[in-house]
Amino acid sequence: MIRFYNTLSGKTEEFKPLRPGQVGLYTCGPTVYDYPHIGNYRAYIFEDILKRFLIFSGFKMTHVMNITDVDDKTIKGANVLGLSLNDYTKKYIEAFFEDLKVLRILPADYYPRATEHIEDMVRMVRGLLDKGYAYLKDGSVYFSLIRFPDYGKLSKINKEELKAGARVESDEYEKESVYDFVLWKKARPGEPCWETELGPGRPGWHIECSAMSTRYLGPTFDIHCGGIDNIFPHHENEIAQSEAYYGQKFVNYWLHCHHLVVDGEKMSKSKGNFYTLRDLLARKIDPVDLRYFLLSTHYRKMLNFTFDNLEQAKASRQRIIDFVYVLQHQPLPETSQTESASALVASALSNFQDSLADDLNISAALAALFEFIREINSRLARNELSRQAADQVLTAIYQMDKVLAVLPEKKEEELPAEILKKIEQREQARREKNFALADSIRQELLQQGIVLEDTREGVRWKKIN
RNA sequence: GGCGCGGUACCCAAGCGGCUAAGGGAGAGGUCUGCAAAACCUCGAUUCGUCGGUUCGAGUCCGACCCGCGCCUCCA
C-alpha cells in the first residue's frame with residue numbers, strides 16, 4: 001500500500017489513482033525569466049523521486065509540467081533587453097532542459113507553455129464569467145472569492161482573516177475586493193497582449209495551471225505537486241478556478257515539498273547565498289552528488305544546504321559506487337551459495353520499497369540500501385559470495401537505482417593515454433619495489449583528481465573532484 | 001495577530017506508545033596492505049530542547065515554556 005501526506009486533508013492517506021494502474025501528475029514548473037536555483041531543483045528532484053517510485057511500483061505515468069513564459073518578470077526581462085518575449089525566454093527554457101538532464105530528472109510527457117495555451121485559458125475565464133464566479137472590471141477579469149465558499153480549504157486560510165494579514169498590497173488593477181485575484185489582465189502599453197473575446201490582454205498566473213493541467217489530465221486528476229510556498233495563494237486559486245469552472249473536484253492528492261535553505265537561511269541574492277546549478281558546476285560540484293544531497297532528506301522536511309553537507313552526501317554516494325564497482329570487478333567463486341543471498345536481496349528490496357511507499361520515507365529506504373551493502377560487503381570480506389549471488393545483488397542495486405538514479409553511467413570512463421601511462425609506470429615501480437617513485441606518481445595523479453587503489457586484482461582508479 | 005514546520009550523538013538523519021534509540025558522514029582502535037585507499041570487525045546517545053502530566057510503559061500522547069525557521073496575494 002502506498003501512502004502520501006495530502007496537504008488537502010492534512011493527513012497521510014492511502015494512494016488510490018482514479019484509474020487503476022495509471023497516474024496523472026501535474027507539477028508546477030519554472031518561470032523562465034532566469035536560471036532556476038538549487039531550491040527549485042529540490043522540488044523537481046522530489047517530484048522525480050515520486051514519479052520514479054510510482055513507475056517502480058508499476059504505474060503508468062502521465063506527467064505534465066508547465067512553463068510560465070509570460071508574467072511580470074519575463075515581460076520585464078524582455079523589455080530591458082529589447083527582445084521579444086519568445087527570444088528572451090528561449091535561452092532560459094533551453095538552460096532548464098539542460099539542467100534537468102544533468103540532474104537526471106526524467107522528462108515530463110508534456111511541457112505546455114502559457115503562451116501556447118491562451119485559448120484554453122480564455123475559454124475557462126469566459127466560463128467563469130458566464131457562471132458568475134468572475135467579473136469584468138476596467139478591461140480585466142477577476143475571480144470573486146465570495147462566490148466560492150470552499151476557498152481556503154487547502155491552505156486552511158480563513159477569508160475573514162485575510163485582510164488582517166501582514167501585507168495587503170493594492171494591485172495596480174482594480175478589484176472589487178482585496179482578496180479577489182486576477183484571471184485576465186487588460187493590455188497595457190509595452191506589454192505583449194493577445195486579442196481575444198475577453199478583450200486585449202494577457203492571462204493571470206494562476207489560470208495557466210488550471211487550464212493546462214486539466215487540458216492534459218482531465219478536470220479531475222491524481223496528484224499535483226509544488227513547493228510549500230505555492231500552497232497559498234497559487235494552489236488555492238487553482239482549486240477555486242478549476243472547481244468553479246468544472247463543478248467537480250480538481251485534484252485528489254496535493255503533495256508539497258519544503259524549502260531548501262542555505263546555511264540556515266532562505267536563499268536570497270542580497271545575502272549572497274543564492275546558487276544556481278551552474279554556480280555549483282563552476283565549482284566542480286558533481287551534479288549527481290547534488291542530486292543525492294537533494295533527495296537524501298525527506299521532502300517535507302526543511303533541507304539545509306551547506307558545502308559541508310554536500311560533502312557528506314558525496315561520501316555516502318561514493319560508498320554505493322565503490323560497492324557496485326567491487327561487485328562488478330572482483331573475481332568471485334562460481335560455487336552457488338546463492339540461497340542466503342536471495343533472501344537478503346529480497347528483504348533489501350522489500351524494505352526499500354516499503355519505506356518509499358510510506359510517504360517517500362527516503363531515509364529509511366537509504367538505510368535499507370546501506371544495510372544491504374554492509375551485509376554483502378561482510379560476506380565479500382569473508383569470501384562467501386559467489387558470482388551468481390553478486391549478480392543478483394547487482395540487479396537489485398540497479399533496480400533501486402531506477403528510483404534514486406545516483407549510480408555512474410554504465411559505460412566505462414576513459415582516461416587520457418598520458419594518465420594511463422603514468423599508472424603503468426607506477427605499476428612497474430611497484431613491481432621493482434621502488435615505492436618512493438610509486439608513491440610520488442600516486443600523489444601526482446591525486447593532484448589531478450585521480451585516486452589509485454591497489455586491490456588484489458590490480459590497480460583501480462577513480463575520479464574525485 | 002493568523003496558519004504551519006522543526007529542535008534525536010561532533011555533523012546529517014530515521015523512529016511517532018512497548019524488543020539492546022535505524023542508517024550515512026566524521027572520529028578512535030583492530031584486521032588486510034610495501035604504504036595508502038577501499039572493505040571488514042569493534043567502539044561511540046543510560047538518552048531524544050526544558051519542565052510538568054497521562055500511562056504498567058513516552059523522543060513517541062497532553063499541557064506550558066524556551067530556541068530556530070517558513071507562509072499570510074512575486075516565490076519550488
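Below, chain A is the first sequence line, B the second, and so on; all start at residue 1.
Side chain of Asp180(A) to backbone of Leu145(A): a donor-acceptor contact under 3.5 angstrom is found. Judged by distance alone, the side chain of Lys314(A) and the main-chain N or O of Asn309(A) form no donor-acceptor pair under 3.5 Å.
Between rC66(B) and rG57(B), the two P atoms lie 29 Å apart (nearest whole Å). Between rC19(B) and rG34(B), the two C1' atoms lie 48 Å apart (nearest whole Å). Between the C1' atoms of rU54(B) and rG17(B), the separation comes to 12 Å (whole Å). A gap of 15 Å separates the C1' atoms of rG27(B) and rA45(B), to the nearest Å. Nucleotides rA9(B) and rG4(B), compared at atom C1', are 29 Å apart to the nearest Å. Separation of the P atoms belonging to rA37(B) and rU31(B) is 14 Å when rounded to the nearest angstrom. On the C1' atoms, rA64(B) is 25 Å away from rC71(B), given to the nearest whole Å. Spacing between rG7(B) and rC32(B) at atom P, rounded to whole Å, works out to 43 Å.
Residue contacts shown for Asn361(A) are limited to sugar-phosphate atoms, with no base heavy atom under 4.0 Å away. Using a 4.0 Å heavy-atom criterion, one finds that Asn377(A) contacts the sugar-phosphate atoms exclusively. If you check every strand for non-hydrogen atoms under 4.0 Å, His298(A) touches sugar and phosphate atoms only. Using a 4.0 Å heavy-atom distance criterion, Lys73(A) is classed as a base contact. When heavy atoms are screened at a 4.0 angstrom cut-off, Leu452(A) is found touching base atoms of the nucleic acid. Across all strands shown, Arg382(A) has no heavy atoms under 4.0 Å from either base or sugar-phosphate atoms. Here Ile231(A) lies out of heavy-atom contact (under 4.0 Å) with every strand. Across all strands, Arg374(A) comes closer than 4.0 Å only to sugar-phosphate atoms, never to a base (heavy-atom distances). Nucleic acid contact for Ser296(A): none, since no nucleic acid atom lies under 4.0 Å from a heavy atom of the residue. Residue Gly226(A) is classed as a sugar-phosphate contact, given heavy-atom separations below 4.0 Å to backbone atoms only.
In this structure, His258(A) places its NE2 atom 9 Å from C1' of rC71(B), rounding to the nearest Å. Rounded to whole Å, atom P of rA38(B) lies 13 Å from atom NZ of Lys314(A). The distance between atom CG of Leu380(A) and atom C1' of rC41(B), rounded to the nearest whole Å, is 15 Å. Straight-line distance from the CG atom of Asp322(A) to the P atom of rA38(B): 8 Å, rounded to whole Å. Between the CD atom of Glu311(A) and the P atom of rG25(B) there is a distance of 13 Å, given to the nearest Å. Ile157(A) places its CD1 atom 14 Å from the C1' atom of rG1(B), with the value rounded to the nearest Å. Spacing between atom CD of Glu375(A) and atom P of rG23(B) amounts to 12 Å, rounded to whole angstrom units. Taking atom CG of Leu445(A) as the reference point, atom C1' of rC35(B) lies 16 Å away to the nearest angstrom.
Ring-base stacking between Phe435(A) and rG34(B) is satisfied, the centre separation being under 5.5 Å and the plane angle under 30°.
A sub-4.0 Å separation between OP1 or OP2 of rC72(B) and a side-chain N or O of Lys156(A) is absent. Put simply, Arg456(A) has no side-chain N or O that comes within less than 4.0 Å of OP1 or OP2 on rA39(B). Ser155(A) has no side-chain polar atom (N or O) that falls below the 4.0 Å cut-off from OP1 or OP2 of rG4(B).
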task = For the pair Tyr92(A) and Phe97(A), evaluate ring pair (Phe, Tyr, Trp, His ring centres under 6.0 Å) and give the outcome as yes or no after the intermediate values.
result = CA-CA 9 Å; Tyr92(A) 296 112; Phe97(A) 286 129; over 10 Å; no

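Side-chain N/O atoms of Arg442(A) and base N/O atoms of rC35(B) include a donor-acceptor pair closer than 3.5 Å. Residue Asp454(A) places a side-chain atom within donor-acceptor reach of the base of rC35(B), judged by atom type and a 3.5 Å distance cut-off alone.
Here rC40(B) is the nucleotide among rG6(B), rC40(B), rC35(B) with the atom lying nearest to any side-chain atom of Ala381(A). If you check rG23(B), rA36(B), rG6(B) against the side chain of Phe370(A), the one that comes closest is rG23(B). Here rG25(B) is the nucleotide among rG25(B), rG34(B), rG23(B) with the atom lying nearest to any side-chain atom of Arg319(A). Picking from rG7(B), rC5(B), rA26(B) the nucleotide with the shortest atom distance to the side chain of Ala315(A) gives rA26(B). Residue Ser316(A) has its side chain nearest to rG24(B) when only rA22(B), rG6(B), rG24(B) are considered. With rG70(B), rA14(B), rC41(B) as the choices, the nucleotide that has an atom nearest any side-chain atom of Ser378(A) turns out to be rC41(B). Distances were taken from every side-chain heavy atom of Ser363(A) (C-beta onward) to each of rA14(B), rG70(B), rG23(B); the shortest belongs to rA14(B).
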Short heteroatom pairs, N/O only, protein and nucleotides 9-11 of chain B, under 3.5 Å:
residue, atom, partner, partner atom, Å
rC11(B), O2', Gln312(A), NE2, 3.4
rC11(B), O2, Gln312(A), OE1, 3.1
rC11(B), O2, Gln312(A), NE2, 3.3

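Using Watson-Crick or G-U wobble geometry with both donor-acceptor distances under 3.5 Å, rG63(B) finds its partner in rC51(B). Pairing for rC71(B) is with rG2(B), a Watson-Crick or G-U wobble pair whose two hydrogen-bonding atom distances lie under 3.5 Å.
Note on ring orientation: taking the six-membered ring where Trp is involved, the planes of Tyr275(A) and Phe307(A) are perpendicular (angle over 60°, cut-offs 30° and 60°). Using cut-offs of 30° and 60° for the angle between ring planes, the Phe372(A) and Phe323(A) rings count as perpendicular.
Each of Tyr33(A), Tyr35(A), Tyr44(A) was checked for a ring pair (Phe, Tyr, Trp, His ring centres under 6.0 Å) with Phe96(A), and the lone residue meeting it is Tyr44(A). In summary, of the residues considered (His298(A), Lys301(A), Arg42(A)), a side chain to side chain contact (heavy atoms under 4.5 Å, CB included) with His258(A) occurs for Arg42(A) alone.
From His234(A), atom NE2 reaches atom NE2 of His206(A) across 7.0 Å, with rounding to the nearest 0.5 Å. Rounded to the nearest 0.5 Å, atoms CG (Leu303(A)) and CZ (Phe293(A)) are 4.0 Å apart.
Each of Ala367(A) and Lys266(A) has a nearest nucleotide on RNA chain B; the 5'-most of these lies closest to Ala367(A). A residue-by-residue look at Asp439(A) and Leu260(A) shows that Asp439(A) has its nearest nucleotide of RNA chain B further toward the 5' end.
Regarding the sugar-base torsion, rG59(B) falls in the syn class, its angle being within 90° of 0.
The environment of OH in Tyr110(A) is sparse: at most 12 heavy-atom neighbours from other residues, nucleotides or ligands sit within 6.0 Å.
Counting heavy atoms from C-beta on, the side chains of Asp48(A) and Arg291(A) come closer than 4.5 Å.
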